[in-house]
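Because the structure is a prediction, the values reported are computed rather than measured. Numbering of ligands and ligand atoms starts at 1, following listing order.
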Amino acid sequence: MNFGAFRQVFYQRLTKHYKQGELQTLYHWCVEELEGWGRAQAYLHDEDEMDEARLSRWEKVIERLQQQEPVQYIFGKTLFFGLELQVDARVLIPRPETEELVEWVLNSEGLSEERVLDIGTGSGCIALALKSQRPQWQLRACDVSEGALDVARGNAAILHLPIDFVQADVLGDDEVFDWGSIWVSNPPYIPAHQQKFMEDRVLAHEPHLALFEDHPLQFFEAILAKARTSGVRRVYFETHAQEQGELETLVARTLGANATATFKLDLAGKPRFLRVEIQSS
Ligand SMILES: C[S@@+](CC[C@H](N)C(=O)[O-])C[C@H]1O[C@@H](n2cnc3c(N)ncnc32)[C@H](O)[C@@H]1O
């Protein structure tokens, strides 16, 4: 079988599991990883013969894709803010909207030296992107999951970006949170009861600890309560985009007149990002 024919086999084997557009993206991702060919190049190899060794490598990947395993976990990497990050099932795959959060922080803050704390760092994506753009900032990043911290530390080492990673539970610990002029967090924010609306691909493979929360807004409340006494000036959040009213109420209840909440729309026009400015009293 030649490569052109094999492409049709790839599509047929996966057509039940993915939409047409997704299939093409997946195919090109696999071609790049398994054959080293870019999108345009792939079609120039249609007459190449598939040998046994190649077929066996593709077969393993197709089987994992049939199980709906995210392609980023299969190849162990993803791109975030221009950085190649290693990812595995211990961390959430960084999402494009989180790049919008990073961009907002960078556009809003000046170039002066800051101490920035990333809460719930996962793969380290936010902290690493910020450090890559603002080498003068001191970055600390925490997560409750040792597995996630392991991945994040690995990414920082590969990218030569110095970040102080600390294991901490934002719902319990206090020590780590008496530090920083700016905090950024993309906390778990999907109410647990909404699991039934989520794609199997996410539910079966990504860490639930990173996605779901049992009590609406508990992470926002815990972070804002810590912010009140820590001396932090601004806190940036990624949010669920359906809780603007509740979050405004929460900010007012937790920080009173000392705080101003500003929402920013994501590219889909939803109020996904929140910045809380805290005036020192
Ligand atoms: C939505 S993920 C965000 C990961 C990464 N910052 C990103 O944007 O892709 C939330 C992260 O919070 C961490 N987390 C969950 N509960 C936590 C807790 N109680 N304290 C600190 N981190 C927690 C999870 O392990 C996960 O890495």
Side-chain angles (χ1 to χ4, degrees), residues 70 72-73 77-106 116-132 139-156 159 161 163-180 182-192 194-195 198 202-203 205-227 230 235-241 243 266 272-274:
Q72 294 91 336
Y73 289 160
K77 60 186 180 186
T78 193
L79 268 183
F80 183 84
F81 221 82
L83 303 174
E84 186 173 294
L85 301 181
Q86 314 291 302
V87 289
D88 63 32
R90 293 173 292 176
V91 296
L92 188 83
I93 298 165
R95 304 296 204 262
E97 49 271 27
T98 307
E99 294 182 321
E100 295 177 52
L101 173 68
V102 168
E103 197 137 17
W104 192 29
V105 176
L106 291 170
V116 182
L117 175 65
D118 170 21
I119 302 170
T121 196
S123 61
C125 58
I126 295 174
L128 291 161
L130 292 174
K131 185 69 184 172
S132 72
L139 260 298
R140 180 180 282 188
C142 69
D143 205 291
V144 73
S145 156
E146 276 295 358
L149 287 170
D150 208 33
V151 174
R153 285 193 185 103
N155 281 320
L159 294 166
L161 292 169
I163 290 171
D164 177 24
F165 289 103
V166 195
Q167 200 261 344
D169 178 357
V170 73
L171 301 177
D173 298 332
D174 279 327
E175 304 83 69
V176 176
F177 302 95
D178 57 1
W179 185 93
I182 295 164
W183 289 0
V184 187
S185 186
N186 174 18
Y189 55 66
I190 303 173
Q194 288 194 5
Q195 285 188 33
M198 304 218 29
V202 175
L203 276 183
H205 297 282
E206 298 203 65
H208 287 203
L209 178 68
L211 290 164
F212 301 112
E213 60 163 348
D214 290 332
H215 307 291
L217 309 184
Q218 67 173 338
F219 282 94
F220 298 93
E221 186 162 16
I223 292 169
L224 289 173
K226 290 183 192 317
S230 72
V235 187
Y236 292 83
F237 290 105
E238 181 172 323
T239 80
H240 194 210
E243 287 148 344
D266 63 15
R272 173 151 326 263
F273 309 110
L274 164 65

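Residue Phe219 touches ligand 1 through its side chain alone, judged by heavy-atom distances below 4.0 Å. With a heavy-atom cut-off of 4.0 Å, Cys125 touches ligand 1 through its side chain alone. The part of Pro187 lying near ligand 1 is the backbone, judged by heavy-atom distances below 4.0 Å. Using a 4.0 Å cut-off between heavy atoms, Ser123 makes no contact with ligand 1 at all. If you look at Val144 next to ligand 1, the close heavy atoms, those under 4.0 Å, come from the backbone and the side chain alike. Using a 4.0 Å cut-off between heavy atoms, Ile119 makes no contact with ligand 1 at all.
Note that OG of Ser185 is 9.0 Å distant from CG of Leu101, once rounded to the nearest 0.5 Å. One finds the CG atom of Leu159 at 6.5 Å from the CG atom of Leu85 (value rounded to the nearest 0.5 Å). With rounding to the nearest 0.5 angstrom, the CG atom of Asp173 is 7.0 Å from the CD atom of Gln167. Taken from CZ in Phe80 to OG in Ser123, the straight-line distance is 7.5 Å, to the nearest 0.5 Å. Distance check, rounded to the nearest 0.5 Å: CG of Leu130 to CD of Glu103 gives 11.0 Å.
In this structure, the side chains of Arg140 and Phe165 stay at 4.5 Å or more apart for every pair of heavy atoms. Contact annotation: the side chain of Phe212 approaches that of Leu203 to within less than 4.5 Å [non-hydrogen atoms, C-beta and beyond]. A 4.5 Å side-chain heavy-atom check between Ile182 and Leu117 finds every atom pair outside the cut-off.
Between Ile126 and ligand 1, a contact under 3.5 Å exists for no N or O pair. For ligand 1, the polar-atom distance check against Thr121 finds a nitrogen or oxygen pair separated by under 3.5 Å. Residue Val170 places at least one N or O, backbone or side chain, under 3.5 Å from an N or O of ligand 1. Checking only distances, Asn186 does come within under 3.5 Å of ligand 1, N or O to N or O.
Compare Gly120, Pro207, Gly122, Pro94 by their heavy atoms: the one nearest to atom 6 (N) of ligand 1 is in Gly120.
Here the protein heavy atom with the shortest distance to atom 1 (C) of ligand 1 is Ala210 O, 2.8 Å. Considering only non-hydrogen protein atoms, atom 15 (C) of ligand 1 sits nearest to Leu209 O, 3.4 Å. Here the protein heavy atom with the shortest distance to atom 19 (N) of ligand 1 is Asp169 OD1, 2.7 Å. Of all protein heavy atoms, the one lying nearest to atom 27 (O) of ligand 1 is Asp143 OD2, 2.6 Å.
At least one heavy atom of Ala168 sits under 4.0 Å from some atom of ligand 1.
Tyr189 and His240 have tilted rings, their planes meeting at an angle from 30° to 60° on a 0 to 90° scale.
For ligand 1 and Pro188, the ligand atoms under 4.0 Å from any heavy atom of the residue are 10 (C), 12 (O), 15 (C). Each of the atoms 8 (O) of ligand 1 lies under 4.0 Å from some heavy atom of Thr98.
Ionic pairing of Arg95 and Glu206 is present here: one or more N-O contacts between side-chain nitrogen and carboxylate oxygen are shorter than 4.0 angstrom.
Between Tyr236 and Trp104, the gap from one ring centroid to the other is short of 6.0 Å.
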